[in-house]
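Since the structure comes first, as structure tokens, the remarks are kept for the end.
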Protein chains: 2
Amino acid sequence: MLETVSEEPETETSNVPDIVVGRLPLYLRALSEMAMAGKLFTSSQELAAALGISSAQIRKDLSHFGEFGKQGTGYAVLELRDHLRQILQLDREWPVIVIGAGHIGSAVANYSGFAQRGFRVVAVFDNAPERIGTSIGAHRVKAMSELGAVIAQWRVQHAMLTVPAEFAQPVADQIIVAGIKAILNYAPTTLAVPPQVHVEYIDPVLHLQRMTYYL
Amino acid sequence: MLETVSEEPETETSNVPDIVVGRLPLYLRALSEMAMAGKLFTSSQELAAALGISSAQIRKDLSHFGEFGKQGTGYAVLELRDHLRQILQLDREWPVIVIGAGHIGSAVANYSGFAQRGFRVVAVFDNAPERIGTSIGAHRVKAMSELGAVIAQWRVQHAMLTVPAEFAQPVADQIIVAGIKAILNYAPTTLAVPPQVHVEYIDPVLHLQRMTYYL
DNA sequence: TAGATTGTTAATCGATTAACAATC
DNA sequence: TAGATTGTTAATCGATTAACAATC
């Protein structure tokens, strides 16, 4: 069977460095703030000052995705914000599930900041019988046995993991099998996952410990 | 007045890169886990596999602080753990305050993971009259006017900031004046602080947004 | 036009990795 | 001894920055 040779095989990974992608949400956050404040234009210098990084880095980062500015004028705030939303695929709402209905899970499920910035918590799960069926804000805690149905219903790809450290790996394995592709892990442990699954970590203690070195 | 010329003037900043210091708590976490599991020895290779980084990097990082291993044998788990605790100044307990008694502040104040790893929440503050005096776990929410007294009493240097984004900067200014030297900021905004103050950030939405790019 | 700021190039800077002698 | 693993060197890799022509 004959096939056209494409210049960018669809299996090739993007050539934008992860570290650059990692800064885009920071730019988006600053631009959203400016937009809310009614600001019409900004510059790489102004963004840099607000974020504590260099203006050259901002211009270089953006140049991976196109030309969004005008010489002498800078960037139109709303326009650049919307470009970043598109690049990050944040021009739509994404469903997220929370696994673990303890202290952290409850706080996370109730945090209004997710909805405001493109993510909607559609369900909270736990495997403790005494928690299943109880209310957490607007959510009723579901049993892990309902995981597959919920993921299928909402086409969920994101999960936040707020279970005790010793359960993080087995639970991660379980939700990956069920179709989750992006895990935000609040448990203080490193996860082993297949290459097509993305993991990010939140461990506040690590941050405190880092700063303590300098005191 | 004659003074001995010291080879390391006390004003000189350490020559260990921040990025290396940032990984030490990760190593400490892995070693503490191994210690709890009763493991006596480990190697840079084993640590690397557990953390998903290279063994060369672990050996290089540790070499900034001394020689902790033995050829052919690796590292004694308890010994290396204790060395890292010393290096990070985690061989003692540090008092921490929480500013903001909302959802996140409450979850943070109740999170047992801090005490287990060297940090004790000694007080929770808020400036809303209806919150002052209410209970959050074992804590009674204090007014911001008591900030100075509490910081002096416990010699607090660490604060976790869990106030709404628009108040983060003014509250940060306030606690810095009161003597805080390390801020863990949960508000989704960048803080401007004097150079002797350290800031680390936690914004779960940024992590979700980063992963969304790759979906 | 004069001033400001972009996008990009090339240089610099710093971090990671491979490799291996030393040695337990 | 043979096998394993360290600490360190040098090479590689990648990220950041300075500088500036282009141009709004």
Reading DNA chain C in the 5' to 3' direction, which nucleotide is the first one with an atom under 4.0 Å from a heavy atom of chain B, and which is the last?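 Listing 5' to 3', DNA chain C meets chain B from C/dA15 to C/dC24.
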Considering only heavy atoms from C-beta outward, does the side chain of [X] approach that of [Y] to under 4.5 Å?
X	Y	value
A/V199	A/L161	no
B/T212	A/L88	no
B/V20	B/K60	no
B/V108	A/P204	no
A/V197	A/I180	no

Watson-Crick or G-U stems of DNA chain D, 3 or more pairs, under 3.5 Å, by first number: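 So the stems come out as C:3-24 with D:3-24.
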Nearest nucleotide by nearest heavy atom, which residue falls closer to the 5' end of DNA chain C, B/T73 or A/A56?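 Upstream on the strand: A/A56.
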Just do the side-chain hydrogen bond (donor to acceptor under 3.5 Å, both in side chains) check on B/D61 and B/Q57 with the steps written out, would you? CA-CA 6 Å; B/D61 285 354; B/Q57 182 161 81; 5.3 Å; no
So what does B/I19 touch, heavy atoms closer than 4.0 Å: a base, only the sugar-phosphate, or nothing?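 Touches sugar-phosphate only.
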How is A/S44 classified with respect to the nucleic acid when contacts are heavy atoms under 4.0 Å: base, sugar-phosphate, or nothing?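 Sugar-phosphate, backbone atoms only, no base.
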Keeping B/Y201 on the side-chain end and B/L191 on the backbone end, is there a donor-acceptor pair under 3.5 Å?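 Here the side-chain-to-backbone pair exists.
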Taking side-chain hydrogen bond (donor to acceptor under 3.5 Å, both in side chains) as the criterion, tell me which of B/K39, B/E46, B/Q45 meets it with B/T42.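 Going through the options one by one, the only one that passes is B/E46.
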Hey, which of these two, B/K70 or A/R59, hits DNA chain D nearer its 5' end, going by closest nucleotide?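 Nearer the 5' end of the strand: B/K70.
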Whether A/Y213 and B/F65 hold their rings parallel, tilted or perpendicular, with breakpoints at 30° and 60°: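 If you compare the ring of A/Y213 with that of B/F65, the planes turn out perpendicular.
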Parallel, tilted or perpendicular: rings of A/W94 and A/H158 (30°, 60°):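 Perpendicular: the ring planes of A/H158 and A/W94 meet at over 60°.
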Any residue of residues 20-28 of chain B with a heavy atom less than 4.0 Å from an atom of DNA chain D: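 Heavy-atom contacts with DNA chain D come from no residue of residues 20-28 of chain B; none.
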